[in-house]
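Order of appearance sets the numbers: ligands from 1, and atoms from 1 within every ligand. Residues take their numbers from the sequence shown, with the count starting at 1.
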Amino acid sequence: MGVTRIVQINDRLSDDAGADSDAGHATPAEAAWVAIRTSLRKSIGARTFDGWLKPLTLDSFDDESGELRLCAPSSFTANWVDTHFRDHLLQAWRAMLPGVRTLIVDGSVDGTRPIASDGETVQSVAAPVAAPIITASESTPFEPRYSFDSFVVGKANEVAYNAARTVAEGGALAFNPLFLHGGTGLGKTHLMHAIGQDYLARQPGARVVYMSAEKFMFEFVAAMRAKDTFSFKQWLRSADVLMIDDVQFIAGKESTQEEFFHTMNELISAGRRLVISADRSPQDLDGIESRILSRLSWGLVADVNPADFELRLNIITKKLEAMPQASVPQEVVMFLARRISANIRELEGALNRVVAYAMLSGKPIDMEFTQATLADVLRANQRRVTIDEIQRRVCDHFRIRQAEMSSARRAREVARPRQIAMYLAKQLTPRSLPEIGRRFGGRDHTTVIHAVRQIEKLRATDAELDADVRLLMRQLEG
Ligand code: ADP
Ligand code: MG
């Protein structure tokens with residue numbers, strides 16, 4: 001398809017970039033940009049967003065190279081956005097469009113860089129749009145959708161969930177701080193918003209402050225510039241509950257890091273509740289002093305793990321309850337839960353996309369429609385299963401030795417599992433038939449074809465065998 005040039009789509013967006021009446025004609029990149037802007041505004045706060053990110057426009061997306069270009073009104077803004085929001089933006093983009101590989105923030109609108117007479121690009125030094133003078137700061141408002149009720153609990157997240165509930169209940173503190181960590185899109189922010197809302201519902205009038213670490217940095221730097229860090233600190237210290245999201249963005253940035261952790265220390269000493277999240281454990285955060293590390297680890301460090309199939313299925317089912325207008329067959333639900341395993345944000349995004357596209361196009365949601373609509377997401381979620389892994393799993397399952405995969409024995413109890421393994425190798429890996437044959441004791445490709453046909457036939461008639469195959473597929477695809 002090549003490069004899509006996008007002409008000032010931002011002009012068409014409403015202020016909070018919510019509804020896009022033109023969604024029917026939007027390219028996937030345009031549609032993603034609308035959603036990303038809305039969610040960024042929430043996650044980093046209206047002021048930071050309006051000051052730095054709102055002026056950005058979507059320039060182009062090249063779906064072959066995966067290069068995405070954004071334009072900022074000045075190179076100063078471009079620089080700032082690049083240093084402070086690059087990870088965040090890239091993460092948000094990849095969640096919506098997994099094909100995005102590189103992100104470039106250009107310093108002038110529409111690629112028409114001002115050219116000086118000597119041909120050099122002019123370095124614009126225009127100030128950012130919003131004057132960043134902040135004293136008593138605002139906290140990001142909570143997202144009503146992110147409640148404890150809407151959070152689906154499973155093995156992967158039950159420790160984090162229970163800890164979050166304990167913090168929200170506001171009783172005596174058994175641990176402080178609560179440090180939530182886990183990969184992106186697994187529900188950390190959701191839990192923090194849930195804590196905030198639940199706490200406020202129990203103790204109206206309490207001061208609950210929630211901020212992304214980026215916003216924290218932005219506010220702190222602004223306070224420093226205005227030579228008024230005092231009121232910023234006072235404001236933080238007056239919080240009953242302070243929650244800072246994604247502190248990996250602070251780690252390594254010296255002045256902010258130091259300030260942040262000092263403030264945190266004081267809050268802990270003063271018995272304030274503190275909740276921190278990061279995409280990795282305290283030990284893995286770069287450049288954090290050991291003194292601070294040990295303080296962090298005094299509290300409860302709870303990890304949020306990737307959801308297993310069952311949890312993914314429960315989450316989709318729950319989300320669908322909230323969309324009674326969407327009719328999604330169970331087959332599609334199972335397919336999504338099985339195939340979109342990277343994280344919950346992607347799973348949710350995929351479901352939303354299927355439902356939205358079906359509505360816009362008036363088509364029913366079936367397997368074909370789902371696969372076509374989600375082609376890029378599905379590709380990105382494809383786990384690389386190896387033949388070795390398949391052989392190991394199959395042998396485990398049927399309790400035979402792995403050497404039987406290559407042996408010449410034809411006894412049913414080893415021949416059938418061997419055929420199943422060949423079938424799975426054909427279904428789940430991109431290997432060719434001769435290659436598969438070679439990995440099974442140098443068998444001929446016609447033997448592999450025979451095995452594949454045999455298992456296909458048996459799956460239709462032998463329920464037990466079919467259940468074995470399904471189970472193995474699920475295990476292998478994670
Ligand atoms: P993180 O902060 O860990 O990157 P988020 O909290 O932003 O992830 O979660 C991404 C999306 O997935 C959100 O829309 C959230 O509501 C949803 N989500 C994550 N975990 C769950 C869960 N256990 N139940 C319901 N929704 C979830
Ligand atoms: Mg988050």
Considering non-hydrogen atoms of the protein only, which is the closest contact for atom 8 (O) of ligand 1, and what is the distance? G187 N, 3.0 Å
To which protein heavy atom is atom 4 (O) of ligand 1 closest, and what is the distance rounded to 0.1 Å? G185 N, 2.6 Å
How far is atom 15 (C) of ligand 1 from the closest protein heavy atom, and which atom is that? H190 ND1, 3.4 Å
Is the Lys NZ or Arg CZ of R237 less than 6.0 Å from the centre of W235's six-membered ring, within 45° of the axis? no
Atoms of ligand 1 less than 4.0 Å from T184 heavy atoms? 4 (O)
Are any side-chain N or O atoms of N157 and backbone N or O atoms of A307, one a donor and one an acceptor, separated by less than 3.5 Å? no
Check each atom of ligand 1 against the heavy atoms of N157 and keep those under 4.0 Å away; list them by number with element. 23 (N)
Give a yes or no on whether the ring-centroid distance for F232 and F216 is below 6.0 angstrom. yes
With respect to the Mg ion (ligand 2), please indicate if T184 possesses an N, O or S atom at a distance under 2.8 Å. no
Strictly by modelled atom types, are R312 and S341 linked by a side-chain donor-acceptor pair under 3.5 Å? no
Side chain R273, main chain G170, donor-acceptor under 3.5 Å: yes
Of all protein heavy atoms, the one nearest atom 14 (O) of ligand 1 is E348 OE1, 2.5 Å
Under a 4.0 Å heavy-atom limit, does T189 contact ligand 1 with its side chain, its backbone, both, or neither? both
Is the contact between K318 and ligand 1 made by the side chain, the backbone, both, or neither, using heavy atoms and a 4.0 Å cut-off? neither
Give me the atom names and distance for the closest heavy-atom approach of L97 to A32. CG-CB, 4.3 Å
Tell me the contacting part of S150 for ligand 1: side chain, backbone, both, or neither, using a 4.0 Å heavy-atom threshold, strictly below. backbone
For E64, does its backbone N or O pair with a side-chain atom of D62 as donor and acceptor, under 3.5 Å? yes
Among D246, L180, I344, L347, closest by any non-hydrogen atom to atom 27 (C) of ligand 1: I344
Decide whether an N or O pair under 3.5 Å exists between L186 and ligand 1. yes
How close do F148 and A168 get, heavy atom to heavy atom, and via which atoms? CE1-CB, 3.8 Å
Within the distance-only criterion (no hydrogens, no angle test), does the side chain of H190 pair as donor or acceptor with the backbone N or O of S147 below 3.5 angstrom? yes
Nearest-contact summary for atom 7 (O) of ligand 1 - protein heavy atom, Å: R345 NH2, 2.9 Å
Counting each atom of ligand 1 from 1 as listed, which ones have a heavy atom of K319 under 4.0 Å away? 16 (O), 25 (C), 26 (N)
For ligand 1, is any non-hydrogen atom under 4.0 Å from V304's backbone (N, CA, C, O), its side chain (CB onward), both, or neither? neither
At their closest point, which heavy atom of A278 faces which heavy atom of L285, and how far apart are they? CB-CD2, 4.3 Å
What protein heavy atom sits nearest atom 23 (N) of ligand 1, and how far away is it? V152 O, 2.8 Å
